[in-house]
Amino acid sequence: MASGGLPPLIAAQLNYLLNHHSLDVKVEQMWSGNKCYPGVLDRFTIAIPFCLDVVKWDVMYNADSPMSAPDIIFGPEDESFHPFSAKSPKNCSLLDDWNSRDPTRLMALIQELRDRYVDYQRKRVGDVDDARLNFEISTIVFREGIEMALSSGAEKPEEVKFAVPITDMKIDRMVPGCPWRGPPKIYLQVIYPVGKKHVTAPLAPRLKLVSSSELKSFFSIEDVKLPPWSDGMCMAEYLPHLEESLEKQILEAVSLIDVRRRFIEALVPQFGWPLEADPVFCRKATFLAGSGVFTFLVHFMISTQFPKQQPALMLHSCQHLTSQGVPIKSSLMTEYPWSPRWETPQMAERICEFLADEALNFKRHCNESQLQH
Amino acid sequence: MDDLPVEKIAISGPTLASLMQRFSSSTGPIDGLLFGHVSFLTPSTLSDDSTTTSSSSSSETLIATVTSFLSSSSTSLSFYSPSGRVNPSHLAPSSSSSLLGWFSARRKSPLRPSMREFSVSESLSSLPNLSFPILNSSSSLSPCIFLLLTTPIPDQAIHTHEYRAYQFRASTESFDPKSVDIVNIGPAFRGHYGAFSPNSNFPSLACELRSSAMVEDKKEEEESSSRVKQAAEDQRHLDQCAEGFEIGRLSLMIGSEATNYTTGLEDLYEKMLAKIENLAREVELSSAKVFEQENHNRKLRQKAARYAGSE
C-alpha cells in the first residue's frame, strides 16, 4: 500500500518503519518533489505518536538520488528542535554512514530522532518557570516511559501535558489465550495550565485515562471513574490511589470473562454447541436454533457489563433473503425479561423461553418482507 | 568572530532571477554557495518627507548584498556530508567576493529550514577561516546567510516561488528571518545604489593607448618582460575585436571629419553583432547537448535505482 510510486529502496525502508516500529507510525500524505518524474514519490509526512498525541514530520528523499540519506523537516512549532546540532553530544553516524540497501535505516533514524525529541520536550517543560510544575517534575520524572510536552500557541494559553504510564500489570498474561503481542498500555493524561504569576490558587489539572485500543475488548477505560483531585494535591500522591483502584477494576473485568464463559456454556443445553464463539474474551457467540421447520441463527453480543447488562440478541434467518440476496436479520433486542441476580442456568432458560415466542414473530416478519417483492 | 546582526539582505534582481531559473530548470533540489559583500550603511537622513523619523540614523545598519551564486549538482551532496557537516576543503576562497553563506532550493516542501539545513548553516558559520571582513569596517562576519527557495506542496495552476532569507546566529543557535531587498533598476530603487557596488569585474587588461608616449614605458619593460608579453597578448585580443579601429583612430571621431568615419564604424559594429550572434548560437547548441546528456544521465540513474531496489 505504501509502496505505490515510491522508488523501491525508499519503499523498503518506509514499509519496514510502518510494520516494525513499536509505536503506530502512520503516513499522512506522499508526494513528489521531482520535476521530470511527478509519479515518483519521494516525500511523505509521517505522524509519530508522542505524549498521547502525534508529531508530524516531513521526510524528504530525492527521487534523483534514492541512495542518499533523507532530510527531515520538523513541525512549525518545533523550530528550536535541532537533534543533530554540533553541540549535541551524540554523533550523527546514522546519516553519514547511510546505507540505502538496509531497510531498517529509516526506522533507526526516526527512533533516534524521537528519543531526542522526548528529551527536548522534557527540557522545555523543565525550563518552564512554574513552582508547582517544577515540583511535579522532580517527583515524577523517574517513572519509566513518562513523556511530557509543552504546548503553546499564539491564541491558547501555555499548557504542559504529561502522559504517565499507569500500572505494570501483565494483563495479557492474566487472560488465557490472549492474542496481544504485549500488555496494553494505559496512560493517565495530565494537563497543567502553566501558572500565571498573579493567580494565587493554581487550577487543578485536567485528567483523562487513555489506553491502547485492544483493552476495550474486555475493559472500557471510559467507564473508569477517576478519584477526585483535591486542592494542593500532586501527581505522586494521586497516582498510587488511581493505580490501586484501576488494578482492582481490571481484575474484576478479568474475572467477568469467566462469568461470560459460564453463561455461554449454560446456553449449550438449550441450543446445542455454538457455531461460533469468542473463546478469549467471550463477548460473542452464535447458536443455531429452530422453530418447527424454520431454522435461524441467534447472535449473542455480551457487553463488558454482563451480567448487570443483559446480552443483546439478534436473529438471522437461514431461509429468507432480501431482494439484494442478503439474509434477513432482526433488529438488536436488548429489552426482554432479565435479572442479573438469576443463576446462570436460569438466564439461559429464560432467554430460550423468550426466543421461542420471538421466533414466531421473526418468522412472520421474514415471510412478510419476502412477500413484498 | 563577531556575531553581528544583519539588518537586511539585498540581492540584485538578475541574481535572484538566475537562481530561480537554475532551480526551476533542475529536476530535483539544488543547493550552492552565495557570494557578495557585507557593508555598513549609514542611513540617509535627507528626505523630502518630513514625517520620516530619523530613529535609525543613530546607528549604522549592516547589509548583506548577494551578487552571485554557485550552484552544485542536484544529485550529489556537494560541500557537506549527509549529516550537514561542511567540508572546508571544498570551499576554495574566492578572490573577488566573499562567501556570504549558502542557499537551498527544494520543490514542494515547507518553507522552513530542515534538519540538515540547520546543520550546514551551523557548520558553515563555525569555521573560523571562512569569516570575511565587512567593507568599510574592521569587524568580520562568518558565512551566516541562508536563502531558502521552495514551491508550495499542493499542485497549483500558477507557478509560485517562495523564498525566505535567514541569518544564522551562532550565539542563539537559531535562524533569524531577514527581509530581502531585491535591487532593481529604476527610479524607485535609486536609493539602493547608495551602497550597491557592481560585482562584475572588468578583466584587467594590461594595455594602454598606443598613441601615448611609449618612451616612458621603456623602464618598466626592463623590469618585467613577462608583463609586456601579457600586455602584447591582451593588445592582440583587443585589436582582433577592433579590426583596425584601434583606440588611436577613435580620436578622429571627434571633429569635422567624423562623418567620413561613421560608415566604417557602423560596419565594425555590424561585424561585432554578427560575431555575438554566432557565439549565442554556439552556446545554444552546446546547451542542448548538455541538456541531452543530463537527461541521459538521469535515465541511467533511475535505472540504477530501480535495479538496486529490485535486487
Side-chain angles (χ1 to χ4, degrees), chain A residues 3 6-13 29 31-38 40-43 45 56-88 91-98 100-101 103 109 113 116, chain B residues 23-31 73-77 80-86 104-123 125-126 148 150-151 153-155 170 172-175 177 294-295 297-299 301-302 304-311:
Chain A
S3 56
L6 279 172
L9 289 172
I10 301 173
Q13 299 193 18
Q29 59 172 146
W31 69 100
S32 170
N34 196 280
K35 185 182 171 190
C36 296
Y37 302 103
V40 179
L41 309 175
D42 57 356
R43 292 161 186 205
T45 305
K56 290 177 192 176
W57 294 344
D58 294 326
V59 181
M60 306 214 303
Y61 282 93
N62 182 355
D64 272 351
S65 156
M67 288 159 186
S68 309
D71 195 5
I72 313 269
I73 300 180
F74 303 112
E77 65 285 348
D78 292 322
E79 266 180 352
S80 50
F81 175 49
H82 304 303
F84 289 132
S85 154
K87 282 188 184 158
S88 79
N91 62 33
C92 25
S93 56
L94 259 178
L95 285 171
D96 282 336
D97 307 332
W98 187 258
S100 58
R101 283 155 196 268
L109 176 67
L113 290 175
R116 294 191 188 193
Chain B
F23 172 35
S24 60
S25 62
S26 85
T27 66
I30 58 164
D31 54 42
S73 142
S74 64
T75 49
S76 58
L77 295 168
Y80 51 85
S81 74
S83 69
R85 297 283 171 279
V86 169
S104 172
R106 40 178 163 81
R107 260 188 210 93
K108 294 195 177 184
S109 53
L111 192 60
R112 300 192 285 279
S114 74
M115 180 173 80
R116 185 179 293 142
E117 283 153 5
F118 174 85
S119 297
V120 172
S121 291
E122 186 190 37
S123 177
S125 61
S126 70
L148 178 61
T150 64
T151 64
I153 295 175
D155 277 314
T172 55
E173 286 226 300
S174 61
F175 283 107
E294 273 181 353
N295 259 341
N297 290 352
R298 201 175 47 242
K299 272 177 196 146
R301 259 197 311 271
Q302 286 289 326
R306 261 202 298 277
Y307 176 69
S310 61
E311 254 179 80

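Convention: sequence-line order gives letters A, B, ...; per-chain numbering from 1. Computed from a prediction, not measured in an experiment: that's the story for all the values here.
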Asker: Using every non-hydrogen atom in the two residues, find where A/Lys35 and B/Ser24 come nearest and quote the distance to one decimal.
Answerer: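 Looking at all heavy atoms of both residues, the closest pair is NZ-O, 2.7 Å.
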
Asker: If every non-hydrogen atom of B/Gly28 is compared with every non-hydrogen atom of A/Asp64, which pair is closest and at what distance?
Answerer: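 Smallest heavy-atom distance, with atoms named: N-OD2, 3.6 Å.
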
Asker: Less than 4.5 Å apart, side chain to side chain, heavy atoms only: is that true for A/Cys36 and B/Arg298?
Answerer: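 Yes; the side chains approach each other to less than 4.5 Å.
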
Asker: Report yes if some heavy atom in the side chain of B/Met115 is under 4.5 Å from a heavy atom in the side chain of A/Phe81; otherwise report no.
Answerer: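 When only atoms from C-beta onward are counted, A/Phe81 and B/Met115 do not touch, as no gap falls below 4.5 Å.
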
Asker: Measure the CD1-OG distance between A/Ile73 and B/Ser114 for me, rounded to the nearest 0.5 Å.
Answerer: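 It is 5.5 Å, given to the nearest 0.5 Å.
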
Asker: A/Pro38 versus chain B, heavy atoms under 4.5 Å apart: side chain, backbone, both or neither?
Answerer: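 For A/Pro38, no heavy atom lies under 4.5 Å from chain B.
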
Asker: Distance check, rounded to the nearest 0.5 Å: B/Phe175 atom CZ versus A/Ser80 atom OG?
Answerer: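 B/Phe175 CZ to A/Ser80 OG: 13.0 Å, rounded to 0.5 Å.
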
Asker: Between B/Lys108 and A/Ser32, is there a side-chain heavy-atom distance shorter than 4.5 Å?
Answerer: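 No, too far: nothing below the 4.5 Å cut-off.
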
Asker: Can you check side chain to side chain contact (heavy atoms under 4.5 Å, CB included) on B/Arg106 and A/Arg43, steps first, answer last?
Answerer: CA-CA 11 Å; B/Arg106 40 178 163 81; A/Arg43 292 161 186 205; 4.3 Å; yes

Asker: For a 4.5 angstrom cut-off between non-hydrogen side-chain atoms, does B/Arg112 reach A/Asp58?
Answerer: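 Yes - at least one pair of side-chain heavy atoms lies under 4.5 Å apart.
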
Asker: What residue, out of B/Gly84, B/Ser123, B/Ser25, B/Pro110, has the most heavy-atom pairs lying under 4.5 Å from chain A?
Answerer: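 Between B/Gly84, B/Ser123, B/Ser25, B/Pro110, the count favours B/Pro110.
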
Asker: Is a side-chain donor-acceptor pair under 3.5 Å present for B/Ser174 with A/Glu79?
Answerer: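 A/Glu79 vs B/Ser174: no donor-acceptor pair found between side chains.
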
Asker: Heavy-atom cut-off 4.5 Å, strictly under: side chain, backbone, both or neither for B/Thr151 against chain A?
Answerer: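 Contact with chain A involves no heavy atom of B/Thr151 at all.
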
Asker: Closest heavy-atom contact between B/Arg107 and A/Gly33?
Answerer: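 Shortest heavy-atom contact: CB-O, 3.5 Å.
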
Asker: Give, as side chain, backbone, both or neither, the part of A/Trp31 having an atom under 4.5 angstrom from any heavy atom of chain B.
Answerer: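 For A/Trp31, side-chain heavy atoms alone lie under 4.5 Å from chain B.
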
Asker: Taking atom CG of A/Asp71 and atom OG of B/Ser109, what is their separation to the nearest 0.5 Å?
Answerer: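 Between A/Asp71 CG and B/Ser109 OG, I get 9.5 Å after rounding to 0.5 Å.
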
Asker: Can you name the nearest heavy-atom pair linking A/Phe84 to B/Arg85, along with the distance?
Answerer: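 Heavy atoms of A/Phe84 and B/Arg85 come nearest at O-NH2, 3.3 Å.
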
Asker: Need one label for A/Leu113: side chain, backbone, both or neither, based on atoms under 4.5 Å from any heavy atom in chain B.
Answerer: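 For A/Leu113, the contact with chain B is made by the side chain alone.
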
